[in-house]
Amino acid sequence: MDIVRWSRQLIPTLREVPQEAEIPSHQLMLRAGLIRKLGAGLYTFLPLGLRALRKVERIVREEMNRAGALEILMPALHPKEVWEQTGRYELLRDVMFKVKDRQQREMVLGPTHEEIVTDLVAHEVSSYRQLPVNLYQIQTKFRDEIRPRFGLMRAKEFIMKDGYSFDADLDGAEKSYRSMYEAYQRVFQRCGLRAKIVEADTGAMGGSSSHEFMVLADSGEDGLVECDACSYAANLERAESVLRSAPSFADAEKDPEKIATPGLRTVEEVAGFFQSPPARLIKTLIYVADGKPVAALVPGNRDVNEIKLRRALGAKALELADAATIARVTGAPVGFAGPVGLSIPLVVDAKLRGYRGAVTGANEADAHLRSVDIERDVKVTEFADISFAIEGDGCPRCAGTLRAKRGVEVGHVFKLGTKYSEQLGALYLGEDGQKRPCVMGCYGIGVTRTLQAVIEQSHDDNGIIWPATIAPAEVEVLLINEQHAASVETAGKLVEGLKNVGIEVLFDERAERPGVKFKDADLLGLPLRINVGERGLAKGSIELRARHSGETLVVPVESAVETACARLAELKRACAPGGE
RNA sequence: CGGGGCGUAGCUCAGCCUGGCAGAGCGUCAGCUUUGGGAGCUGAAAGUCGUGGGUUCAAAUCCCACCGCCCCGACCA
């Protein structure tokens, strides 16, 4: 273990909040001198930031190895052709950085590595005797994000642990998935993170199912719901929900009636006019799916979930229709579309089943219909779940109620099936002499994002509060007056003593005023701090202060190392996975 | 890509509306004083005012174009 002397380090702390940073974790990483920006989504790790990053990586490695995964390192630069084999060159076209070599060969900077690892396994694995195999790497990924933001949370270049399992059959793949799922729980616990596991959509990865590991935070980019009674939790992209009671509205028995609503287009305006809750309205949105117009109907208080809609339609391309298309299809300007009399397919949200007395557009400028009965008046092509769940919906698994939260996705595990192994020829010869594709899983951890998520979840007004397991150093020794000889001597001995028992020490021996050093110590947030000063030494003692609680112990100099050691062990235990 | 904001000293920002010597606080450097929660005094260094063009006797300030950064949205393993 080494000693970090503040005065000989590069720890450029900032008194003020940099203009570029919005959320606490980003501000604190900059202020504590952990990172610096080169450009949008591009960051340099300074020495202390790198130390913390390496600790996260070490935890990830240890848990991957424990679970039997094998570390490899693949290229970040890939020939374009590998990506064309699976069709993902097209699919991920916009997120990939593309470059050419001197011979004008087209290359991409890898945004992920399914194709590359599967190609490897296709060449090197040929028998069921070699399975299962689980390979991972910790490597820099490149994605041309539409909008990098929040520092390391969404960067153009970031470090990711990506792992891939290859099994002979579904049972084996299930076991591999389970084992990674459990390894991930351990990883995040050891990083001091509380990660919520949610059911997730598989997106461009493909595959059958997946779970995301979410760190709850208001600044999180993902919406999710969790049940207040059972363990159900899901990303909003995927979340199902139920209505506890069928809504009933006024005038349900009457026939549809056209009402003049001049200039009223939005749900709020129309709901206000009818003095009804937005839920009484039926929103009719015109989409173009694979070139053909369709109408999607959802309750007025909900939004269309385009992922669900695309799945319901089985469409490859899906986008909102433009104003001209809407006018052609509905005969009315934007804002007055309704389902009655439309001749295009109508996909109706399942939550609209039994809707009576609803208000819809009349397919005519400045007019709406009231007393619409979805079953009686609308030619429903298909009922399907195509809307987002919202706070207060019923849980699909129990009698509980769903709560809406936001989270940062720090890990994602997928069951991939045989999509990649078939396309890239990752086949093995079974016991029976038959060739079969490997059943795959893939598993990602955003390493740099995880580091920042820890800070987002663990800080106060004064600065970072590092979990003991990933702090850039474990104990800060703060020399209050560097001109007081006895203090200097004692601090020096303590630093040596801590080092000798294997503790990582940051020694703040700068010629700064005490206040400056105290403020910097809180900002940087190492778990324990030892203040060595004249006042304490007069009584033969130092102060041992815990960053997370602010609790300060007065400890005799002789037992300072021992006490610090014991305290640190406690703090580390708090991050240990259950049962250890 | 659409909408909004910003770009002046290392950092945070004022000055711009109403054109006329480029400023403050913090930081840095030197000296003195001070030493338990971002000290005090004295002095100093430090800016092509994002870039280019235009208007004007004169542009940080007005106009045009471009670049960069941040936020919201769309999008996203």
Side-chain angles (χ1 to χ4, degrees), chain A residues 12-23 26-27 30-31 33 36-42 83 86 88 91-96 110-115 141-151 153-156 158 160-164 200-207 210 212 219 221-222 235 237 303 306-307 310 317-320 409-414 416 420 442-446 449 461-463 478-484 487-488 508 510-523 529-538 542-543 545 550 552 554:
Chain A
T13 56
L14 264 24
R15 187 185 300 229
E16 291 176 275
V17 178
Q19 184 190 31
E20 69 194 66
E22 184 88 352
I23 64 173
H26 186 197
Q27 294 174 348
L30 291 164
R31 287 191 56 211
R36 283 296 182 264
K37 183 175 71 175
L38 174 65
L42 304 170
W83 287 89
T86 56
R88 289 216 297 178
L91 194 62
L92 299 177
R93 169 182 290 281
D94 292 335
V95 299
M96 288 200 286
T112 177
H113 281 72
E114 285 75 19
E115 279 77 359
K141 299 278 192 270
F142 300 87
R143 290 185 192 172
D144 192 358
E145 293 288 349
I146 294 173
R147 176 140 95 91
R149 70 177 128 178
F150 300 149
M153 287 297 193
R154 178 163 297 263
K156 288 187 173 174
F158 58 98
M160 178 171 174
K161 187 288 300 183
D162 49 322
Y164 309 87
D201 185 75
T202 52
M205 295 296 308
S210 78
E212 286 171 337
S219 59
E221 293 190 80
D222 288 285
N235 191 306
E237 293 176 348
D303 291 322
E306 294 187 3
I307 293 170
R310 183 178 322 203
L318 180 72
E319 56 184 4
L320 271 173
E409 177 191 353
V410 288
H412 202 157
V413 292
F414 297 83
L416 282 183
Y420 294 97
C442 88
Y443 318 97
I445 292 178
R449 179 185 282 184
D461 289 346
N462 296 315
L478 193 154
L479 176 57
I480 289 173
N481 181 353
E482 75 290 342
Q483 291 176 19
H484 181 246
S487 294
V488 174
D508 190 353
R510 289 176 297 171
E512 288 287 351
R513 297 182 58 82
V516 172
K517 289 191 266 199
F518 290 141
K519 288 289 186 189
D520 272 346
D522 286 345
L523 176 59
R529 182 173 108 201
I530 294 176
N531 293 333
V532 182
E534 203 167 345
R535 194 188 286 172
L537 288 185
I542 51 85
E543 289 156 8
R545 186 182 167 95
T552 303
V554 176

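- Comparing A/F158 and A/A21, the nucleotide of RNA chain B nearest to each residue sits closer to the 5' end for A/A21.
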**Q.** Derivation and outcome, side chain to side chain contact (heavy atoms under 4.5 Å, CB included), residues A/D144 and A/K156
**A.** CA-CA 6 Å; A/D144 192 358; A/K156 288 187 173 174; 3.9 Å; yes
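- Picking from B/G36, B/C69, B/G38 the nucleotide with the shortest atom distance to the side chain of A/R15 gives B/G38.
- In terms of phosphate contacts, A/R149 brings a side-chain nitrogen or oxygen within less than 4.0 Å of OP1 or OP2 of B/C72.
- The base of B/G36 is not paired with the side chain of A/N481 by any donor and acceptor separated by under 3.5 Å.
- If you check every strand for non-hydrogen atoms under 4.0 Å, A/P18 touches sugar and phosphate atoms only.
- Checking A/D520 against A/T13 by side-chain atom types alone, a donor-acceptor pair falls below 3.5 Å.
- For A/R529 and B/G37, a side-chain-to-base donor-acceptor distance below 3.5 Å is present, hydrogens and geometry of angles not being considered.
- Between the base of B/G25 and the side chain of A/E16 there is a donor-acceptor pair shorter than 3.5 Å.
- Comparing the C1' positions of B/C11 and B/A46 gives a spacing of 13 Å, expressed to the nearest Å.
- Each of B/G37, B/U34, B/G38 was ranked by its minimum atom distance to the side chain of A/Q483; first place goes to B/U34.
- Nucleic acid contact for A/D94: none, since no nucleic acid atom lies under 4.0 Å from a heavy atom of the residue.
- Between A/R510 and A/D222, the residue whose closest nucleotide on RNA chain B is further toward the 5' end is A/R510.
- When the C1' atom is used for both B/G5 and B/G36, the distance is 43 Å, rounded to whole Å.
- When distances run from any side-chain atom of A/P514 to the nucleotides B/G38, B/C76, B/U35, the shortest one goes to B/U35.
- The base-pairing partner of B/C21, taking Watson-Crick or G-U wobble contacts with both distances under 3.5 Å, does not exist among the strands shown.
- Nucleotides B/A44 and B/G37 place their C1' atoms 30 Å apart, quoted to the nearest Å.
- Within the nucleic acid shown, A/G533 comes within 4.0 Å of at least one base atom, counting heavy atoms only.
- We find that CD of A/E319 is positioned 11 Å from P of B/C75, with the value rounded to whole Å.
- Residue side chain A/E482 does not reach the base of B/U35 through any donor-acceptor N/O pair under 3.5 Å, judged by distance alone.
- Here the CD-CZ distance, from A/E482 to A/R510, works out to 10.5 Å after rounding to the nearest 0.5 Å.
- Residues A/L30 and A/R36 come closest through the heavy atom pair O-NH1, 2.8 Å.
- To the nearest whole angstrom, the two P atoms, one in B/A45 and one in B/A24, are 13 Å apart.
- Rounded to whole Å, the distance from CD on A/E409 to P on B/C76 is 13 Å.
- Considering only side-chain atoms of A/R535, the nucleotide from B/C75, B/G36, B/C69 that sits closest is B/G36.
- Residue A/E534 qualifies as open at atom CD: its count of foreign heavy atoms under 6.0 Å is 12 or below.
- Taking only side-chain atoms of A/I146, from C-beta outward, the nucleotide of B/C1, B/U28, B/C70 with the closest atom is B/C1.
- In the interface, the side chain of A/R513 is paired with the base of B/U34 through a donor and an acceptor atom under 3.5 Å apart.
- If you take atom C1' in B/G3 and the same atom in B/A74, they sit 11 Å apart, rounded to whole Å.
- For A/R147 against B/C71, a side-chain-to-base donor-acceptor contact under 3.5 Å is absent.
- A side-chain donor from one of A/E114 and A/T112 sits under 3.5 Å from a side-chain acceptor of the other.
- When both distances must be under 3.5 Å, the Watson-Crick or G-U wobble mate of B/U48 does not exist.
- Checking A/T552 against A/E543 by side-chain atom types alone, no donor-acceptor pair falls below 3.5 Å.
- The same atom, C1', is picked in B/G31 and in B/G47; the two are 26 Å apart, to the nearest Å.
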Q: Step by step, work out the side chain to side chain contact (heavy atoms under 4.5 Å, CB included) result for A/R149 and A/E221.
A: CA-CA 10 Å; A/R149 70 177 128 178; A/E221 293 190 80; 3.1 Å; yes
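- Nucleic acid contact for A/D522: base, since at least one base atom lies under 4.0 Å from a heavy atom of the residue.
- If you check B/C72, B/C69, B/G36 against the side chain of A/K37, the one that comes closest is B/C69.
- Between B/U28 and B/U18, the two C1' atoms lie 37 Å apart (nearest whole Å).
- Nucleotide B/A30: paired with B/U42 (Watson-Crick or G-U wobble, both distances less than 3.5 Å).
- For B/G36, its base never sits under 3.5 Å from the side chain of A/E534 at any donor and acceptor pair.
- Residue A/Y443 is classed as having no contact, given no heavy-atom separation below 4.0 Å to the nucleic acid.
- Within 4.0 Å (heavy atoms only), A/R36 reaches no atom of the nucleic acid at all.
- Residue contacts for A/V95: at a heavy-atom cut-off of 4.0 Å it reaches no nucleic acid atom on any strand shown.
- The partner of B/A59, taking Watson-Crick or G-U wobble pairs whose two distances both stay under 3.5 Å, does not exist in any strand shown.
- Here B/G2 sits opposite B/C72 as a Watson-Crick or G-U wobble pair (both hydrogen-bonding atom distances under 3.5 Å).
- For the OP1/OP2 pair of B/C11 and a distance below 4.0 Å, the side-chain nitrogens and oxygens of A/Q19 include no atom meeting the criterion.
- Distance noted for atom C1' between B/U12 and B/A30: 25 Å (whole Å).
- Heavy atoms of A/E212 sit nowhere under 4.0 angstrom from any nucleic acid atom.
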